[in-house]
*Asks:* 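Take a look at this one; I'll ask things after.
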Number of protein chains: 2
Amino acid sequence: MAAAEMPDDTADTAVETVQREMTAFARRARASAGRMHPELSLVSYTLLGHLEETDGCRATDLAAHYALDKSTVSRQVSALERAGLVERRPDPDDQRVQVLHLTEAGRRILAQVTESRRAAFRERLAGWPPEDLVRFAAYLERYNAWRGGPLGGDEDR
Amino acid sequence: MAAAEMPDDTADTAVETVQREMTAFARRARASAGRMHPELSLVSYTLLGHLEETDGCRATDLAAHYALDKSTVSRQVSALERAGLVERRPDPDDQRVQVLHLTEAGRRILAQVTESRRAAFRERLAGWPPEDLVRFAAYLERYNAWRGGPLGGDEDR
DNA sequence: TACCCCAAGTTGTACTCTGCAACCAGCGAG
DNA sequence: CTCGCTGGTTGCAGAGTACAACTTGGGGTA
């Protein structure tokens with residue numbers, strides 16, 4: 001289907017649908033995330049996941065990535081540390097900085113939650129033809145890679 | 001591309017990508033929604049939108065649709081009513097029920113916020129070929145239409 | 001070196017959103 | 001009429017968040 005064959009209306013409707021569905025998803029994810037893993041909120045999980053990818057990052061980085069206030073990150077990290085999931089190490093190069101690392105327990109819990117989330121997603125996506133799955137994933141990546149506007153143009157990734 | 005040509009790994013990776021990207025979106029939407037329209041939270045906006053579609057629904061319906069506690073809905077509706085955006089009318093058939101309706105002001109505000117959100121999405125999706133847009137929208141609808149699991153199997157839509 | 005400004009993080013405070021539990025009020029069946 | 005169920009509200013508590021003020025350390029510049 002070429003662009004020329006498609007009326008503007010169709011694209012407009014698609015934009016609205018994307019908007020509506022993405023919003024619906026956001027609402028649901030928020031509502032259900034807490035219930036799935038009471039001991040690891042969506043934010044904590046996300047922060048933990050980020051730490052696994054970029055082991056040894058700073059609290060400020062997290063704040064920038066997730067458009068959170070540094071105080072929020074500070075408290076979240078405190079909670080995670082209290083729970084024994086992350087470690088704060090002083091940065092030898094800059095005494096102001098705390099380098100954050102996952103602990104073994106943190107890694108374990110994260111893997112566990114990731115697995116259960118993955119299972120849920122897999123179940124949810126079970127009926128999808130693989131090629132649709134791949135395309136859907138690509139669209140989402142493309143959507144989230146976008147920068148520069150009021151609707152999520154943060155520093156993530 | 002037929003399913004038979006695609007290794008399981010590819011589909012698995014796609015599932016993980018969908019999971020990761022959807023989660024990322026949820027986090028961002030949450031972070032940015034409040035900043036865009038301070039006077040209309042994401043939940044309020046969603047409820048208002050729902051009321052526009054199904055004018056004259058009950059608070060319990062909203063709670064069921066959005067997997068929210070009825071107390072939460074009650075308070076949200078109270079706030080919206082205080083703001084003059086919705087009206088509670090007694091149901092003549094059942095005195096327990098309050099039928100919710102958008103007011104003129106509510107309709108106006110909703111249209112305004114919708115427009116600004118739409119503009120943001122449109123900007124974000126500006127570079128997309130229309131046929132990709134349509135396919136993306138279809139995937140999202142399909143994803144959100146799913147029911148039955150711990151990851152959002154609520155009654156919505 | 002001394003001073004100044006900026007950056008990283010913490011803490012105090014306040015507000016919103018949320019769920020749970022307890023409660024009230026109206027409906028309908030026996 | 002009484003009992004149980006449903007729709008809704010309210011009290012309470014906890015999580016998440018932002019903003020502002022503050023502390024500490026780094027890096028220039030005079």
Side-chain angles (χ1 to χ4, degrees), chain A residues 23 26-48 51 56-83 86-101 154-155, chain B residues 26-48 51 56-83 86-100 154-155:
Chain A
T23 304
R27 170 175 38 70
R28 290 175 175 187
R30 175 157 168 58
S32 64
R35 273 182 273 286
M36 281 181 60
H37 305 286
E39 59 277 349
L40 204 56
S41 76
L42 184 58
V43 172
S44 296
Y45 169 73
T46 309
L47 294 185
L48 233 46
L51 283 182
C57 84
R58 304 173 309 161
T60 298
D61 298 337
L62 292 178
H65 275 304
Y66 299 118
L68 291 171
D69 191 82
K70 56 183 179 167
S71 66
T72 300
V73 172
S74 174
R75 278 183 250 267
Q76 290 286 337
V77 170
S78 292
L80 290 174
E81 187 185 37
R82 225 176 303 122
V86 309
E87 245 185 357
R88 284 155 150 147
R89 299 184 198 156
D91 180 343
D93 295 349
D94 185 340
Q95 294 300 81
R96 294 169 303 175
V97 169
Q98 307 183 333
V99 187
L100 303 174
H101 293 274
D154 59 38
E155 309 309 318
Chain B
R27 170 175 37 70
R28 290 175 175 186
R30 177 158 167 56
S32 66
R35 271 182 273 287
M36 279 180 62
H37 304 286
E39 62 281 350
L40 205 58
S41 78
L42 185 58
V43 172
S44 297
Y45 169 73
T46 310
L47 295 185
L48 233 46
L51 283 183
C57 82
R58 305 173 309 161
T60 298
D61 298 336
L62 293 178
H65 275 304
Y66 299 118
L68 290 170
D69 193 81
K70 55 184 180 166
S71 65
T72 302
V73 172
S74 173
R75 279 184 253 268
Q76 292 285 340
V77 170
S78 292
L80 289 175
E81 186 185 38
R82 227 177 301 121
V86 308
E87 245 184 357
R88 287 156 148 145
R89 301 186 197 154
D91 181 341
D93 295 349
D94 186 340
Q95 293 300 77
R96 294 169 301 176
V97 170
Q98 307 182 334
V99 187
L100 304 173
D154 58 39
E155 310 308 319

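By convention in this document, chain letters (A, B, ...) are assigned in the order of the sequence lines, proteins followed by strands, and residues within each chain are numbered from 1.
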*Asks:* Would you name the heavy atoms of Val77(A) and Val86(A) that are closest together and state the gap between them?
*Replies:* O-CG2, 4.0 Å
*Asks:* Given dT10(C), dG8(D), dT18(C), identify the nucleotide with an atom nearest to the side chain of Leu68(B).
*Replies:*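 That would be dT18(C).
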*Asks:* Take Asp61(A) and Asp93(B), find for each the nucleotide of DNA chain C with the closest heavy atom, and name the residue whose nucleotide sits nearer the 5' end.
*Replies:* Asp61(A)
*Asks:* How close do His101(A) and Gly56(A) get, heavy atom to heavy atom, and via which atoms?
*Replies:*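 Nearest pair, atom of His101(A) first, then Gly56(A): CE1-CA, 3.5 Å.
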*Asks:* Rounding to an integer number of Å, can you tell me how far Arg75(A) CZ sits from dG12(C) C1'?
*Replies:* 8 Å
*Asks:* Taking for each residue the nucleotide of DNA chain D with the nearest heavy atom, is it Asp94(A) or Gln76(A) whose nucleotide lies nearer the 5' end?
*Replies:* Gln76(A)
*Asks:* Rounded to whole angstroms, how far apart are CG on Leu47(A) and C1' on dT17(D)?
*Replies:*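 After rounding, the gap between these two atoms is 13 Å.
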*Asks:* Measure from the side chain of Gln95(B), starting at C-beta and using heavy atoms only, and say which of dC27(C), dT18(C), dG9(C) lies closest.
*Replies:*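 Nearest nucleotide to the side chain: dC27(C).
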*Asks:* Rounded to the Å, how far apart are Tyr66(A) OH and dG16(D) P?
*Replies:*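 Atom-to-atom, Tyr66(A) to dG16(D), this comes out as 16 Å.
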*Asks:* Could you tell me whether the side chain of Arg96(A) has a donor or acceptor atom within less than 3.5 Å of a complementary atom in the base of dG27(D)?
*Replies:* no
*Asks:* Rounded to the Å, how far apart are Gln98(A) CD and dT24(D) P?
*Replies:*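 Taking CD of Gln98(A) and P of dT24(D), I get 14 Å after rounding.
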*Asks:* Could you tell me whether a side-chain N or O of Ser78(B) sits under 3.5 Å from a main-chain N or O of Ser74(B), the two making a donor and an acceptor?
*Replies:* yes
*Asks:* Without decimals, in angstroms, what is the distance between Leu80(A) CG and dT10(C) P?
*Replies:* 13 Å
*Asks:* Side chain of Ser74(B) only, please: which of dT9(D), dA18(D), dG8(D) is the nearest?
*Replies:*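 My answer, after comparing the listed nucleotides, is dT9(D).
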*Asks:* If every non-hydrogen atom of Leu100(B) is compared with every non-hydrogen atom of Arg58(B), which pair is closest and at what distance?
*Replies:* CD1-C, 4.2 Å
*Asks:* Check the distance between dA15(D)'s C1' and Arg82(A)'s CZ and give it to me in whole angstrom.
*Replies:* 12 Å
*Asks:* OP1 or OP2 of dA18(D) less than 4.0 angstrom from a side-chain nitrogen or oxygen of Ser71(A), does that happen here?
*Replies:*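 Result: no.
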*Asks:* Measuring to OP1 and OP2 of dT17(D), would you say a side-chain N or O of Thr72(A) lies under 4.0 angstrom away?
*Replies:*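 No, Thr72(A) has no side-chain N/O under 4.0 Å of OP1/OP2 on dT17(D).
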*Asks:* Go nucleotide by nucleotide along DNA chain D from the 5' end; which of Arg58(B) and Asp69(A) gets its closest nucleotide reached first?
*Replies:*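 Per heavy-atom nearest nucleotide, the more 5' residue is Arg58(B).
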*Asks:* Test your reading of the model: is there a side-chain donor-acceptor pair from Asp94(B) to the backbone of Asp91(B), 3.5 Å cut-off?
*Replies:*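 Checked: no pair found.
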*Asks:* Is a donor-acceptor pair below 3.5 Å formed from side chain Arg88(A) to base dG9(C), judging by atom type as modelled?
*Replies:*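 No such pair is found, so the answer is no.
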*Asks:* Please state how far atom NZ in Lys70(B) lies from atom P in dC23(C), giving the value in whole angstrom units.
*Replies:* 14 Å
